[in-house]
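These numbers come from the heavy atoms of this one structure, side chains and all, not from hydrogens, waters or symmetry mates. This chain uses plain numbering: 1 for the first residue, then up along the sequence.
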Amino acid sequence: MNITKKYEEIHFVDSTKPVWNYSLFTEDDIRNFQHGTHYRLYELFGSHEMEVLGKKGYYFAVWAPNATYVSVIGNFNDWNPGSHPLFVRLDRSGIWEGFIPELPKGEVYKYHINGFNGIKTDKGDPYANFWEKRPHTASITWDLNYTWKDDDWMQHRGGHNSLKSPCSIYEVHLASWMRPNKYDEESYNTYDQLRELLVPYVKEMGFTHVEFMPVMEHPFDGSWGYQGTGYFAPTSRFGDPQSFMELVNAFHEAGIGVILDWVPSHFPYDAHGLFMFDGTNTYEYADMRKGFHPDWNSYVFNYKRGEVKSFLISSARFWFDKYHIDGIRVDAVSSMLKLNYSRTHGQWEPNEYGGDGNIEAINFIKDLNETIFRDFHDVQTIAEEATDWPGVSRPTWQNGLGFGMKWMMGWMHDTLDYFKMDPIHRRHYQNKFSFSMMYYYDENFLLPLSHDEVVHGKSPMIFKMPGDHWQKFANLRTLYTYMFTHPGGKLLFMGNEFGDTNEWNYKSELQWDLLQYDSHRLLKDCVRDLNFLLRNEPAMYENQFNIYGFEWVDLNHPAECVVVYRRKGKDPDNDLLIILNLTPVVRYDWKVYTYGKSQWREIFNSDDKRYWGTGDVFNPDITTTLIDKNNNMYEINVHLPPLGAIVLK
């Protein structure tokens with residue numbers, strides 16, 4: 001039995017200096033770190049509370065391969081670069097480390113680095129677990145001690161996160177979902193307040209999962225978290241790490257999964273962050289044709305460098321390991337895969353085979369997914385990927401990238417284009433409406449109506465819809481019914497569920513006062529009931545990613561804009577018929593021809609008075625007539641509400 005001895009049991013520790021020589025690294029750690037195969041670096045790098053020779057304090061380790069001197073500075077030493085120098089390892093790993101005795105929890109600190117060409121920088125800790133609240137930029141000594149109370153969820157979460165389970169995600173920007181004062185962008189609900197407000201709301205609405213736009217520490221609110229500096233720390237805007245753990249725990253106790261947006265594609269040039277970390281390109285590509293993002297004025301991780309790959313996969317693994325999250329949505333995957341992403345001729349260089357794929361980024365993504373699913377088999381990884389790159393959500397052993405799901409951007413664009421049209425023109429564009437099923441089985445698709453669709457002049461969902469006030473809401477209820485009854489996972493951005501009339505503004509909050517109006521409040525009820533319809537009807541999810549779960553029943557009436565399809569689970573008795581009437585014309589005694597069942601009843605009607613519909617057109621008793629005994633074919637006679645959707649079972 002191999003028992004690892006502590007450093008001080010093998011080595012002499014000089015306890016006379018302000019910083020004691022100390023190390024947590026083994027030779028295996030160094031080798032794996034350099035080869036890009038060390039995925040628990042958060043246990044070694046950063047600041048760690050420990051006891052050495054009977055003294056409590058903090059051990060520090062930082063990677064600065066181009067530095068000639070590194071020290072820890074903070075309030076505890078009056079930010080004096082000369083008082084607490086770290087020791088450089090002699091194995092050329094570029095790691096600087098040491099133990100500072102009697103340093104308490106909650107101390108702010110940075111690394112003072114004499115770097116390449118004598119450049120001096122003061123950097124936050126890339127592996128810090130806690131940071132000062134912006135505009136302050138120092139890291140904070142902390143621990144991650146917490147007693148989880150979500151055993152039941154963790155034991156059974158495979159059933160919640162499986163591709164064979166209902167998946168309906170509520171996308172949330174924590175700062176602007178709700179504020180104590182909506183007129184003050186410095187006014188935040190804490191993680192504890194969000195636990196009291198957000199958890200019951202998501203549960204009441206019936207969503208299976210919540211997805212947070214990046215909670216990792218970031219300096220600029222206007223980046224919405226997508227330009228981060230703290231890859232191992234939840235933002236201190238809302239509280240400390242334990243308070244964020246409490247929030248995740250509360251969601252789990254409510255039976256709701258937690259997905260985090262995670263950004264391994266780029267990082268900002270803030271002075272305290274990763275950019276030019278030790279005076280030169282440490283984390284980013286040195287060649288700015290690969291290393292600079294023209295869209296976001298940010299810098300691209302060097303996926304070829306083993307230490308950077310170890311850093312990133314460790315970051316992803318950290319949130320599963322320490323925060324019990326159920327999935328990550330990986331941002332801007334397209335920009336990582338393509339060397340020519342947002343670059344014109346002359347601004348990029350082909351790979352060694354003459355192609356436009358970033359080979360090391362592709363390998364990084366495959367290793368990321370293999371690692372996550374190896375270590376946490378009951379979670380999900382989701383790609384935000386907008387190109388026709390093949391096999392994004394196929395296993396790596398089938399030459400895929402290994403994600404569990406991929407955002408279905410084509411469905412989103414086609415669907416919104418269709419619904420924006422005046423119903424009088426829709427008759428000419430049925431192919432745009434039905435096109436999604438032509439390529440649906442290429443991937444495990446998630447249907448997103450995300451934050452990106454309600455910002456920057458794109459207009460809120462309700463104002464994308466044509467017609468008068470009543471028609472806008474009827475159109476939106478029908479769109480949501482189509483979304484929830486279409487195969488695949490679902491994602492709805494906050495505010496979409498009740499028809500927010502403003503574009504999303506990260507500086508304020510959602511327009512909760514709209515819920516005083518029936519049209520908005522009852523739209524919210526409609527989305528809630530669609531969520532529970534999704535969860536309660538096996539036909540909606542059991543075969544949601546295979547060819548057995550969906551069938552077009554009637555695409556032969558483009559002039560009337562009536563579309564019929566069938567959703568099928570494992571038991572034919574659970575089959576559902578969905579009928580969409582995409583014009584404001586009421587269709588009485590509409591005939592649908594389908595096989596198998598002699599009895600149908602209406603279980604959902606988007607025109608119900610309960611949802612601010614007319615309530616005039618519904619189907620209490622549905623007449624079916626056997627018309628082809630050999631093929632068990634029936635004629636179903638139904639009434640179709642205007643701009644409405646009905647679900648029959």
Side-chain angles (χ1 to χ4, degrees), residues 163-168 405 408 410-411 414-415 418 426 429-447 478-490 530 533-582 587 590-606 619 622-638 640 644-649:
L163 293 174
K164 294 189 170 86
S165 300
C167 174
S168 174
M405 282 191 258
M408 197 174 186
W411 173 89
D414 287 348
T415 299
Y418 182 89
R426 288 176 179 171
Y429 294 94
Q430 182 173 283
N431 60 332
K432 191 179 261 293
F433 184 86
S434 59
F435 183 62
S436 63
M437 292 311 298
M438 294 290 289
Y439 61 93
Y440 177 76
Y441 301 108
D442 294 350
E443 302 278 0
N444 300 328
F445 277 121
L446 175 78
L447 317 183
T478 302
L479 187 162
Y480 289 161
T481 308
Y482 169 54
M483 176 187 188
F484 274 85
T485 56
H486 189 290
K490 334 288 175 205
L530 284 167
L533 185 75
L534 171 69
R535 295 171 71 144
N536 295 333
E537 295 297 336
M540 297 266 264
Y541 58 82
E542 284 181 340
N543 289 318
Q544 65 185 331
F545 295 113
N546 64 49
I547 59 172
Y548 306 109
F550 179 91
E551 180 185 323
W552 289 116
V553 173
D554 186 357
L555 283 176
N556 300 321
H557 292 87
E560 296 89 350
C561 297
V562 174
V563 174
V564 187
Y565 50 92
R566 189 170 182 139
R567 291 300 311 279
K568 301 184 287 186
K570 293 175 180 173
D571 182 348
D573 285 347
N574 291 328
D575 282 9
L576 303 177
L577 269 185
I578 294 90
I579 309 173
L580 308 178
N581 178 17
L582 298 161
R587 312 276 181 195
W590 186 265
K591 307 291 189 289
V592 176
Y593 298 93
T594 189
Y595 60 88
K597 286 189 181 183
S598 59
Q599 289 183 308
W600 294 90
R601 62 189 169 86
E602 184 180 277
I603 61 170
F604 179 86
N605 185 326
S606 69
N619 296 277
I622 296 174
T623 307
T624 57
T625 309
L626 182 64
I627 58 166
D628 181 347
K629 192 171 183 182
N630 289 339
N631 292 308
N632 203 17
M633 183 70 72
Y634 290 86
E635 178 188 271
I636 305 168
N637 192 66
V638 284
L640 306 183
I646 61 173
V647 180
L648 310 182
K649 184 176 183 180

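- Side chains of Asp414 and Ser436 form no contact here, defined as non-hydrogen atoms less than 4.5 Å apart.
- Using a 4.0 Å cut-off between charged side-chain N and carboxylate O, Glu537 and Lys649 make a salt bridge.
- Applying the ring pair (Phe, Tyr, Trp, His ring centres under 6.0 Å) criterion to Trp600, with sequence neighbours excluded, gives no partner residue.
- Closest approach of Leu446 and Gly489 over heavy atoms only: CD1-C, 3.3 Å.
- For the pair Cys167 and Leu534, the tightest heavy-atom approach, listed with the atom from each and the gap, is O-CD2, 4.1 Å.
- Between the OG1 atom of Thr478 and the CD1 atom of Ile646 there is a distance of 11.0 Å, given to the nearest 0.5 Å.
- Heavy-atom neighbours of Tyr548 OH from other residues, nucleotides or ligands within 6.0 Å: at or below the threshold of 12.
- Between Leu479 atom CG and His486 atom NE2 the span is 11.5 Å, to the nearest 0.5 Å.
- Side-chain atoms of Thr624 come within 3.5 Å of backbone N or O of Ser598 as a donor-acceptor pair.
- In this structure, Phe445 has its ring center at least 6.0 angstrom away from the ring center of Tyr441.
- Note that the OH atom of Tyr593 and the CD1 atom of Ile627 stand 5.5 Å from one another [nearest 0.5 Å].
- Between Trp552 and Phe550, the ring planes lie perpendicular to each other; the angle is over 60°, past the 30° to 60° tilted range.
- Contact of the Arg587 side chain with the Val562 side chain is registered, since non-hydrogen atoms from C-beta on lie closer than 4.5 Å.
- In this structure, the side chain of Gln544 does not engage the main chain of Pro166 through any donor-acceptor pair within 3.5 Å.
- Residues Pro487 and Met437 meet the side-chain proximity criterion, which asks for heavy atoms closer than 4.5 Å.
- Thr485 and Tyr565 form a side-chain donor-acceptor contact under 3.5 Å, judged by distance and modelled atom types alone.
- Here the CG atom belonging to Asn574 is positioned 12.0 Å from the CE atom belonging to Met540, to the nearest 0.5 angstrom.
- Lys490 places a side-chain N or O within donor-acceptor distance of the main-chain N or O of Gly488, the cut-off being under 3.5 Å.
- Classified by interplanar angle (parallel below 30°, tilted 30° to 60°, perpendicular above 60°), the ring pair Tyr482/Trp411 is tilted.
- The OH atom of Tyr541 sits 8.0 Å away from atom CG of Asn536, with the distance rounded to the nearest 0.5 Å.
- Atom OH of Tyr595 sits about 15.5 Å away from atom CG of Leu626, to the nearest 0.5 Å.
- Aromatic rings of Tyr418 and Tyr429 (six-membered ring for Trp) have centroids beyond the 6.0 Å cut-off, not under it.
- Annotation: side chain of Tyr634 is not in contact with side chain of Gln599 (no heavy-atom distance under 4.5 Å).
- Between Thr481 and Phe604, the closest side-chain pair of non-hydrogen atoms falls below 4.5 Å.
- In this structure, the side chain of Asp628 engages the main chain of Asn631 through a donor-acceptor pair within 3.5 Å.
- Looking at Arg426, its side chain does come within 3.5 Å of a backbone N or O of Leu582 through a donor-acceptor pair.
- Leu648 pairs in a side-chain contact (heavy atoms from CB on, under 4.5 Å) with only one of the listed residues (Leu576, Thr594, Asn605, Ile579), which is Ile579.
- When Leu640, Ile636, Asn581, Asn637 are each tested for a side-chain contact (heavy atoms from CB on, under 4.5 Å) with Trp590, only one passes: Leu640.
- For the salt bridge (charged side-chain N to carboxylate O under 4.0 Å, His left out) test with Asp575, the passing option among Arg566, Lys597, Arg567 is Arg566; the others fail.
- The main-chain N or O of Leu555 is found under 3.5 Å from a side-chain atom of Gln430 such that the two form a donor-acceptor pair.
- A donor-acceptor contact shorter than 3.5 Å is absent between the side chain of Tyr480 and the backbone of Ser606.
- Within a 6.0 Å radius of NZ in Lys591, other residues, nucleotides and ligands contribute more than 12 heavy atoms.
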